[in-house]
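Below: the structure, in structure tokens.
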Number of protein chains: 2
Amino acid sequence: MRLSRYRNAIIRLKALNFVRVFSDNLADAASVTAAQVRKDFSIFGIMGHRRGGYQVDDLLGQLSKILGKDKFQDIILVGVGNIGKALLHYPGFEKSGIRLVAGFDIDPAKYVADANIPILPLEKMHEYILTNDIKIGIIAVPDYASQQVLEMMKSAGIKGVLNFAPITLRESSDFVINNINLVTELENIIYFVKAADSARGK
Amino acid sequence: MRLSRYRNAIIRLKALNFVRVFSDNLADAASVTAAQVRKDFSIFGIMGHRRGGYQVDDLLGQLSKILGKDKFQDIILVGVGNIGKALLHYPGFEKSGIRLVAGFDIDPAKYVADANIPILPLEKMHEYILTNDIKIGIIAVPDYASQQVLEMMKSAGIKGVLNFAPITLRESSDFVINNINLVTELENIIYFVKAADSARGK
DNA sequence: TAGATTGTTAATCGATTAACAATC
DNA sequence: TAGATTGTTAATCGATTAACAATC
């Protein structure tokens, strides 16, 4: 799914006063090929003008619509530890139309009911999700707790999560899971750096 | 690169007292197919025993070696903001043999020279990398600074980075970059949840 | 019109899966 | 030996790229 990437590229190009772009420009800006841009767009029914490329504003509008950027997306966070706290204050979400509206934890020491983004007891999550019609969540709890938290979220009606627990949670057909394992990401880098090193005869 | 995943799976299986495993067990534990496990292993020269599967200890040893887990990997962090601070105290790295040895920032208010993990001025980075022979780094600076930080790291001899800045830094042939864009990850989830919603007739 | 760019089809590439001979 | 599992080859699948007719 490269649409987010195209959207970011378009925003940058718009900032440079581009009024229209060609698949070629977008390819450069998004680090893909021009053919890929045109193919992806055609899959999503985004049509340009032969010879005229794509109108920046029009394109931005269509991409934003597809990505749900036409309204704020409210999400919740479970696990207000190390990573959780950082996400709570990450300014990039708000900037992109994503609103982290509440955090949940089992540790009473973490509770802050009256904060800008309240930290609430995990027991309150189910009700909160229903009341506020939340569909997306972030899991930032220790590995041993993640599966259980996932089940709680599912049962309350959450439909997709971003998971930072170092366990690959499996997606099911009507539920989306995106796993980010910080250690694995680094291990991959370490592996490739090592491999490049040996290849050079180190 | 699924080797990290296999390694994690093996560690879990070992905890369950498995002494040997079949490609089938590993496939289940790592959420891949048995054929994929065997294929991946054969690419890396990991051989099992026909009819006997793979010895857990032997397999763990080989995977650890390939992934550089036989010794601690020292890495540095640039950008001690929101995300940076969380990574600085993330216990998962140390547990996995990854040692975050220093942080760097341009903001003097962030400096803590005598901490367990010192936070140093960015100007000191070049020297630090050379002196300590660091090969891997994490970038957690704002987008506008990321490219410049990357160049600084490259010029000092860093060979791979994990990048949290919301800009897709391009890899070159002898340099590995792994981009994690938190907003994009969430946007993808939002998109798929929306798509599933409409598919069900909203 | 001549030239340039799209949208799409066909060709290519790479990764996954199936299948099975080798063999313990 | 009979049965089970590997290692690998061949078949399948999906995604990327090339190419070009359509057309503005």
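Naming convention: chains lettered A, B, ... in sequence-line order (proteins, then strands); numbering from 1 in each chain. Side-chain atoms are counted along with the backbone in the values below, which use heavy atoms only and exclude waters and symmetry mates.
- Side-chain atoms of B/Asp105 come within 3.5 Å of backbone N or O of B/Asp107 as a donor-acceptor pair.
- With hydrogens and angles disregarded, a donor-acceptor distance shorter than 3.5 Å links the side chain of B/Arg5 to the backbone of B/Ala30.
- Among residue pairs with one or both ends in residues 176-186 of chain A, those qualifying as side chain to side chain donor-acceptor pair (under 3.5 Å) are A/Asn163-A/Asn179, A/Asn178-B/Glu185, A/Asn181-A/Thr184, A/Glu185-B/Asn178; sequence neighbours excluded.
- Rounded to an integer number of Å, the gap from CG of B/Asn25 to C1' of D/dT6 is 13 Å.
- Contact detail for A/Ala156 and A/Leu130: the closest heavy-atom pair is O-CD2, 3.4 Å.
- Straight-line distance from the CD1 atom of A/Ile46 to the P atom of C/dT5: 20 Å, rounded to whole Å.
- Between B/Asp28 atom CG and D/dT5 atom P there is a gap of 13 Å when expressed in whole angstrom units.
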Under the 3.5 Å Watson-Crick or G-U criterion, the dot-bracket string of DNA chain C, with | for inter-strand pairs: ..||||||||||||||||||||||

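- Interatomic distance, CE of B/Met125 versus CG of B/Leu77, reported as 10.5 Å (0.5 Å rounding).
- A salt bridge is defined here as a Lys NZ or Arg NE, NH1 or NH2 lying under 4.0 Å from an Asp or Glu carboxylate O, and B/Asp74 with B/Arg99 meets this definition.
- The nearest whole Å value for the distance from the CD1 atom in A/Ile43 to the P atom in C/dT8 is 11 Å.
- Using a 4.0 Å cutoff on non-hydrogen atoms, no part of residues 5-18 of chain A comes near DNA chain C.
- Remark: B/Lys154 NZ is packed, more than 12 non-hydrogen atoms of other residues, nucleotides or ligands lying under 6.0 Å away.
- Straight-line distance from the CZ atom of B/Arg20 to the C1' atom of D/dA4: 10 Å, rounded to whole Å.
- Taking 4.5 Å as the limit, every side-chain heavy atom of B/Ile136 sits out of range of all side-chain heavy atoms of B/Ile158.
- The distance from atom CZ of B/Phe22 to atom C1' of D/dA4 is 8 Å, rounded to the nearest whole Å.
- Salt bridge absent: B/Asp58 and B/Arg20 never bring a charged side-chain N and a carboxylate O closer than 4.0 Å.
- The distance from atom CZ of A/Arg38 to atom P of D/dC20 is 13 Å, rounded to the nearest whole Å.
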List the atom pairs, with distances to 0.1 Å, where a side-chain N or O of residues 79-97 of chain B and a protein N or O form a donor-acceptor pair under 3.5 Å, not counting sequence neighbours.
unit_1: B/Asn82; atom_1: ND2; unit_2: A/His89; atom_2: O; d: 2.5
unit_1: B/His89; atom_1: ND1; unit_2: B/Lys85; atom_2: O; d: 3.1
unit_1: B/Ser96; atom_1: OG; unit_2: B/Gly92; atom_2: O; d: 2.9

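- Contact check on B/Lys135 versus B/Asp133 returns a salt bridge, with a Lys/Arg side-chain nitrogen under 4.0 Å from an Asp/Glu carboxylate oxygen.
- B/Arg2 and B/Asp40 are joined by a salt bridge, as a carboxylate oxygen and a charged side-chain nitrogen come within less than 4.0 angstrom of each other.
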Test ring-ring contact (aromatic ring centres under 6.0 Å, His included) applied to B/Tyr6 and B/Phe41, step by step: CA-CA 10 Å; B/Tyr6 296 144; B/Phe41 283 1; 5.3 Å; yes

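- Rounded to whole Å, the distance from CZ on B/Phe44 to P on D/dT8 is 15 Å.
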Stepwise ring-ring contact (aromatic ring centres under 6.0 Å, His included) test for B/Tyr128 and B/Phe104: CA-CA 10 Å; B/Tyr128 190 99; B/Phe104 295 90; 5.5 Å; yes

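- B/Phe41 comes within 4.0 angstrom of nothing in the nucleic acid, heavy atoms only.
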Nucleotide N/O to protein N/O under 3.5 Å, stretch nucleotides 22-24 of chain C:
unit_1: C/dA22; atom_1: N3; unit_2: B/Arg50; atom_2: NH1; d: 3.1

Could you write out each protein N or O paired with an N or O of nucleotides 15-17 of chain C at a distance under 3.5 Å?
unit_1: C/dT16; atom_1: OP1; unit_2: B/Arg2; atom_2: NH1; d: 3.2
unit_1: C/dT16; atom_1: OP2; unit_2: B/Arg2; atom_2: NH2; d: 3.4
unit_1: C/dT16; atom_1: O5'; unit_2: B/Gln36; atom_2: NE2; d: 3.1
unit_1: C/dT17; atom_1: OP2; unit_2: B/Thr33; atom_2: OG1; d: 3.3

